[in-house]
Amino acid sequence: DPRIKVIPIKKNLKNLVGKANVLAHIIPHCKSEYYFITDADVRVPPAWIKTILAGFNTKDGIIGGTTIVPVTDLWSGLQNIDWLLAQGLLSTATKFGSTLAVSGTNMMVSREACESIGGYQNIPYSLTEDIGLLLAVKQQGYSGSNLLHPGCMALTEVQTGVKSLLAQRQRWTFGVFKLPAFIVLLLFIRALFLFFVLLVSLVEPVFGCTLYILKTLTDLILAKKITGYLRLNWTYWHILFFEIYWLVMSMGGAISYLFSINNNWKGKKY
């Protein structure tokens with residue numbers, strides 16, 4: 001296809017690695033006023049560009065779309081709930097004027113915002129280049145937003161094994177620690193919720209079970225609302241196992257972050 005241009009990348013610019021280094025190389029070749037960014041293992045819908053542009057306003061420097069995991073079994077279903085709830089909360093935060101993060105799997109950044117920070121090569125080293133970019137453009141006075149819309153709903157591949165999923169979590173943990181301290185604290189409390197419920201249940205089993213049921217119902221209502229926005233069917237009973245999944249993955253990602261020197265992700269070490 002003559003519209004596709006292949007650019008060989010043989011070195012790192014400054015301290016950049018991985019995707020951030022790739023983007024720093026290819027963006028100077030782009031002539032558009034807007035850069036649409038995704039991943040090689042992500043499929044975007046036909047209306048992707050039009051939908052994101054329709055949600056753009058002049059104050060925005062960066063916009064995140066919606067990314068989900070195709071569900072075929074419980075394992076992929078739990079990962080999908082993880083993505084859905086995270087993006088639902090990010091979209092809610094955006095409505096209250098605070099864009100905390102965008103997903104590099106599905107986002108747009110304007111040329112103006114990108115040039116205001118001197119390009120990707122001036123983003124500080126980060127395993128989560130999307131959050132690094134968001135923080136950089138916000139410092140230049142631009143806003144960001146997250147869209148929940150079926151027209152910009154992309155599909156990312158499921159992490160088939162525990163090892164690859166923990167590597168993904170480790171990368172996300174790097175990004176989490178760039179968020180405001182109170183958000184980090186809330187996420188830490190959220191990660192330990194099931195552990196707290198188990199401790200409470202040793203003394204007051206009825207109260208502990210009630211807490212677990214209320215939390216599961218809250219997640220169910222939120223996930224149902226998000227899937228309603230996306231006009232998406234999903235398997236409700238997967239939510240029953242989500243707290244166990246969340247505790248293991250959150251703690252696993254945090255431990256990997258604290259005690260692992262390297263992050264192995266998609267065939268590369270960081």
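Quantities reported herein were computed from a predicted structural model and do not represent experimental measurements. What's counted below: heavy atoms across the whole structure, side chains too, no hydrogens, waters or symmetry copies.
The SG atom of Cys152 sits 10.0 Å away from atom CH2 of Trp48, with the distance rounded to the nearest 0.5 Å. Here Ile226 contributes atom CD1 and Ile81 contributes atom CD1; the two are 10.5 Å apart, rounded to the nearest 0.5 Å. Between Thr210 atom OG1 and Glu204 atom CD the span is 10.0 Å, to the nearest 0.5 Å. To the nearest 0.5 Å, atoms CD1 (Ile37) and CE (Met107) are separated by 4.0 Å. To the nearest 0.5 Å, atom CG of residue Asn80 and atom OG1 of residue Thr235 are 9.0 Å apart. Note: Glu243 CD to Thr216 OG1 = 5.5 Å, rounded to the nearest 0.5 Å.
Closest approach of His25 and Asn21 over heavy atoms only: ND1-O, 2.9 Å. Residues Leu166 and Met249 approach most closely at CD2-SD, 4.0 Å, considering heavy atoms.
At least one side-chain heavy atom of Leu85 sits under 4.5 Å from a side-chain heavy atom of Phe242. Counting only heavy atoms from C-beta outward, the side chains of Tyr142 and Ile62 never approach each other to under 4.5 Å. Side chains of Trp237 and Leu74 form a contact here, defined as non-hydrogen atoms less than 4.5 Å apart. Side-chain contact between Val200 and Phe207 is present, with at least one heavy-atom pair separated by less than 4.5 Å.
Electrostatic pairing of Asp130 and Lys19 does not count as a salt bridge here, judged by no charged N lying under 4.0 Å from a carboxylate O.
There is no side-chain donor-acceptor pair under 3.5 Å between Thr156 and Thr105.
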task = Output, in order, the C-alpha distance, side-chain angles, deciding distance and verdict of side-chain hydrogen bond (donor to acceptor under 3.5 Å, both in side chains) for Thr38 and Asn106.
result = CA-CA 5 Å; Thr38 184; Asn106 185 348; over 6 Å; no

